[in-house]
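Below, all heavy atoms of this structure are taken into account, side chains as well, without hydrogens, waters or symmetry copies.
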Amino acid sequence: MKARIKFRKYGALRFIGHLDVMRFFQKLMRRADIPIAFTGGYSPHMIMSFASPLGIGLTSDGEYLDIELTAPVDSREAVERMNAECVEGIEVMSICQIPDEKKMTGMTILAAADYLISVKSGSLPDNWKNAFTDFMAREEIWVVKQTKRSEREVDIRPLVYGWEIQEDKICLRLAAGSTDNLKPDLVMETFCSMCGIPAGTVSFSYHRLEMYADVGKDGSRTLVTLESLGQDMTM
C-alpha cells in the first residue's frame, strides 16, 4: 500500500537541506510508529521518495513525500502521531492512500508548482507592477539556462503557466518536474536584468504554495494538486 504525506516547512528549518529533511522523516516514521516498508537486501532502507526537493532558504506549504506501508493506518490518527513527534519548522498536513503504480509517484507525475515571491532586501522601482506586467506580456523570454553539464538558451515564457500580482507580492505557477522545470529565482533574475535593475541590489524570498500533476488529455493542461489524487484512510 502506498501513501502520500503532505507537509509544510517553515521558519529556521528552511535552512536545512534535502538530505537532512529525509533523515528527519526517517526518524519521524519510527517515532510515530508508522508501518513503513523497507527494501530488501543487506542494507535495507525505508521506501520513500519526495516529489521535488525544496531548495535551501525556501519555505513551503505544499511539500510531498510518498511512502510504502506494510499495514493500513487511519489518516487522522497518523497525522496526529507524526505532528506530536515533529519539531517546529515542519508540520504534517495530511496522509492519504495513492494508487500502487510506479507511474503515479509524485516525482513522476509532478508537472507544476505555485510560488509566492516577495522582496527580502532592497527595493523595486515604483513602477515595478507595470514593468512586470509588460515582462509577462512578452511572447518570448530567452535566457541562458545552466545545467551541471552545459548551458543552453531557452525560452522560459511557455514554462510560466500563470501569474498574478497580490499587493506587494508576485504569485507564479511554473512548470516543474523531470521534463520541464523552471525555478522562480531564474524568472525574477531575468525580470530584474531586463528592467535594468543592477544585480545584487534586490533579493527575494520564495515560498512554495502547492504542487500539481497534469491530468489533461489530448494536449490540454488540467492541473490538480498531488494531494487530491489520494484518498483518506480510515480504520
Check your understanding: Got more than 12 heavy atoms from elsewhere within 6.0 Å of CG, D100?
Key -> yes
Exercise for review: For the residue pair R173 and Y212, confirm or rule out a side-chain donor-acceptor distance under 3.5 Å.
Suggested key: yes
Exercise for review: Among T133, V119, I170, find the residue that satisfies the side-chain contact (heavy atoms from CB on, under 4.5 Å) test when tested with W128.
Suggested key: I170
Practice item. Check whether any side-chain heavy atom of V87 sits under 4.5 Å from a side-chain heavy atom of F24, and report yes or no. Key: yes
Check your understanding: Ion pair present between E77 and R81, side-chain N to carboxylate O less than 4.0 angstrom?
Key -> yes
Exercise for review: Indicate whether the side chain of R4 and that of Y64 have a donor and an acceptor atom separated by less than 3.5 Å.
Suggested key: no
Review point. So with a 6.0 Å cut-off around CD of E88, is the heavy-atom count from everything else above 12?
Key: no
Practice item. Just do the side chain to side chain contact (heavy atoms under 4.5 Å, CB included) check on L69 and Q97 with the steps written out, would you? Key: CA-CA 10 Å; L69 299 172; Q97 184 178 354; over 6 Å; no
Review point. Any Lys/Arg nitrogen of R157 or E139 sitting under 4.0 Å from an Asp/Glu carboxylate oxygen of the other?
Key: no
Check your understanding: Any side-chain heavy atom of M233 sitting closer than 4.5 Å to one from D74?
Key -> no
Exercise for review: For atom CD of E167, decide whether the heavy atoms of other residues, nucleotides or ligands shown that lie under 6.0 angstrom number more than 12.
Suggested key: no
Point to revise | Close side-chain approach of F25 to L65, heavy-atom, < 4.5 Å | key: yes
**Study point:** Residues K2, E68: salt bridge by 4.0 Å N-O rule
**Key:** no
Practice item. Could you tell me whether R8 and E91 make a salt bridge, using a distance below 4.0 angstrom between a side-chain N and a carboxylate O? Key: yes
Exercise for review: Give a yes or no on whether the backbone of I36 and the side-chain of T70 come within a donor-acceptor separation of less than 3.5 Å.
Suggested key: no
Practice item. Answer whether the closest heavy-atom distance between the side chains of P35 and V73 falls below 4.5 Å. Key: yes
Practice item. Please determine which of K183, R14, M188 meets the side-chain contact (heavy atoms from CB on, under 4.5 Å) test together with Y206. Key: M188
Practice item. For the residue pair S49 and T105, confirm or rule out a side-chain donor-acceptor distance under 3.5 Å. Key: no
Practice item. Using a strict cut-off of less than 4.0 Å between a Lys/Arg side-chain nitrogen and an Asp/Glu carboxylate oxygen, indicate whether K6 and E210 qualify as a salt bridge. Key: yes
Point to revise | Partner of V21 under side-chain contact (heavy atoms from CB on, under 4.5 Å), chosen from L54, I16, L13 | key: I16
